[in-house]
Amino acid sequence: MSVLLDEDKKNIEQIQKKIETLRQQINEHNYLYHVLDAPVISDAEYDQLMQALKNLEKQYPKLITPDSPTQRVGAKPLKEFDQVTHEIPMGSLDNAFSEEEMAAFNKRVQNLLETTEDIRYVCEPKMDGVAVSIRYEEGLLVRAATRGDGETGEDVTQNIRTIKMVPLRLRGKHSPKILEVRGEVYMSKKGFAELNKRASERGEKIFINPRNAAAGSLRQLDPNITKHRPLSIYFYGIGTKPNAEIPDTQTELLNALKNWGLPVCPYVKAVKGLVACFDYYQSMAEKRKQLPYEIDGVVFKVDSQKYQTQLGAVSKRPRWAIAYKFPAEEVETIIESVEFQVGRTGALTPVARLQPVFVHGVTISNATLHNMDEIHRKKVHIGDRVIVRRAGDVIPEVVRVIEHHGSKDIKEIHLPTHCPICHSKVEQIEGEAVARCSGGLFCPAQRKEAMKHFASRRAMDVEGLGDKIIDQLVDTELVHSVADLYSLTLTQLANLDRMADKSAQNILDALQKSKKTTLARFLFSLGIREVGEATAKQLANHFCELPSLFSATEESLRTVPDVGPVVAGHIIAFFAEKHNHKIIEQLIAAGIHWPKIEKKSHDLPLIGKTFVLTGTLQKMSREEAKEKLENLGAKVAGSVSAKTSYVVVGEDAGSKLLKAKELGVEILDEEQFLELVKLLCIKNKKTLV
Ligand code: IVH
């Protein structure tokens, strides 16, 4: 009996060994194929290895481990994505659009580093996809998250695991204990075309470009769907620092990533000096069409990590990197007609209906004409042959007229006197380019747009409540205001066109889920004019609760960073409307709530102090100086008065300096200013960004 048991044990050990060898072989072939682009076996041989492993694991399920190459899709569909707070926020890059802007970037880097020597840059193609952060612990993939708003993203671990280019375990015995890597998930041009072909054959929705397709695929709750989407990834950096040694340069970091089994774009190259950067940019612009994936520019990164640390970041944008974007694409077509669309704030936007043209994989049939001033300035008519520009995801625009298409056919474009939707009068404030429908929320178009904004991802995030459903809800008068959304019933939703019971229930669940929010999101979702996401966050952090904001004066609003007289005016006007108060009350009565915010802004050391910046600063732009001061609680004003606490004086300061002297206001030169900021930042335990 015991002999038999021993036999069994030996047998199992052998199987285990065999399984491990197969896994190692498969992982090594993955590395050769995806990272080194140098496969040594055929696809059929690779499939055989996988099949052998699957067979053994089927017989011995106890020997399955989560990092086995067979375990890419294991989990069931999710109900929703969990939120992930990035330990180190995922920033973004500043853009350059011309050689001049690139030269200014290079000069600034040299100035800040106090050198005139050529800087060594790593040049990387700017992949046009979706940024993700993937965490490995003890070499094992434990979590993957989207960028989200840079601070909080969504947990897409299940979906990331389905991408074959992502190793489930890092390669090599000496990988760091904890490593968070950052990269871009993208879809190849070929994969995108095939996916859309399959979708149109099945009568399903097609994606407008590979980036949207990649983003949509990554946001699937069911990993079995993502598994069939042709997603790829290239890695370009790290988040949480590995507690192993940090490489000294970006070049070494990219090499380390490759050694850990993480694919890096093969076109990465290190160069010295600006001219070499221009050469690289040119060569990538020429290669762009032939590349199997979309790139929208080139990223230049200062190679030395020491320099990177010295250069730091402003507003989560590193000063050691820049994205030099490719110019937008331009095509010729004819304007067939012009319609006026009514936006959330009633603004009328002329939209040109075009003879459809094909640009970079996408058919364009509409382009914005912005406003009447632009139409007059560009002398655009219906029937004109025009140049249309399309840049990334931005709405295409009419750039200029090439010829008036036969003088008989062309027609003038007139601003309608009445709203094309609700027939209220169209008004235009003198000096403003924008004309608006005066119907307010009486206008169904404005109501629809307000609701679409309210339900959007960055606002209340009501998943599944798409534009078409909102259009129907307003048209059928089931909802009049955003508050009505929360009293919709299953039957009402299920009775809408092309709505199955399950989708109706999903929307009700999403509405329920949206009730738990943050004050910042709630404020943003209200659609107050010119209150974007960033301003909403600042308002929430400053006022901490709604009642304080209701009664805020212009003066107190203007102490909030980002809020000038115009925005303050819009906020006051919004809260002065009884109707808006009623909707807010209804929303709160429906159960919308958010966590309490601790008042902390009042601890900031420069609260109550007003600064004026004048002249040219050498070490930073005025914007950066303004941001530093505002982060410390100060207000930055445009003119000097007796109330000014300090005037910061750069080179060639003029009348403001004289005025400060006249009024006896304290004057700081750039050095003194930096010293003050540094001191206060340390005191306030803030980083010096
Ligand atoms: S570095 C602090 N390198 O571009 C951000 N980004 O606006 C550092 N991207 O969100 C990013 N290719 O999605 C970097 N080689 C590359 C990139 C790249 C594409 C995207 C990424 C990021 C956005 C920056």
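Counting convention: from 1, in listed order, for ligands and their atoms alike. Note that the structure is a prediction, hence the values are computed from the model and not measured.
Side chain of E184 to backbone of G129: a donor-acceptor contact under 3.5 angstrom is found.
Between I322 and V299, the closest side-chain pair of non-hydrogen atoms is not below 4.5 Å.
Every residue two or more places apart in sequence or in another chain was checked for a side-chain hydrogen bond (donor to acceptor under 3.5 Å, both in side chains) with E101, and none qualifies. With sequence neighbours left out, R147 forms a side-chain hydrogen bond (donor to acceptor under 3.5 Å, both in side chains) with no residue at all. Legend: residues meeting side-chain hydrogen bond (donor to acceptor under 3.5 Å, both in side chains) with Q282, ordered by chain and number and at least two apart, are absent.
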Polar pairs, ligand 1 vs protein, N/O only, below 3.5 Å.
{"from": "ligand 1", "atom 1": "3 (N)", "to": "K301", "atom 2": "NZ", "distance (Å)": "3.0"}
{"from": "ligand 1", "atom 1": "4 (O)", "to": "K126", "atom 2": "NZ", "distance (Å)": "3.4"}
{"from": "ligand 1", "atom 1": "7 (O)", "to": "L93", "atom 2": "N", "distance (Å)": "3.0"}
{"from": "ligand 1", "atom 1": "12 (N)", "to": "M127", "atom 2": "N", "distance (Å)": "3.1"}
{"from": "ligand 1", "atom 1": "13 (O)", "to": "E184", "atom 2": "OE1", "distance (Å)": "2.5"}
{"from": "ligand 1", "atom 1": "13 (O)", "to": "E184", "atom 2": "OE2", "distance (Å)": "3.3"}
{"from": "ligand 1", "atom 1": "15 (N)", "to": "E124", "atom 2": "OE1", "distance (Å)": "2.8"}

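Remark: E294 does not engage K189 in a salt bridge, criterion side-chain N to carboxylate O under 4.0 Å.
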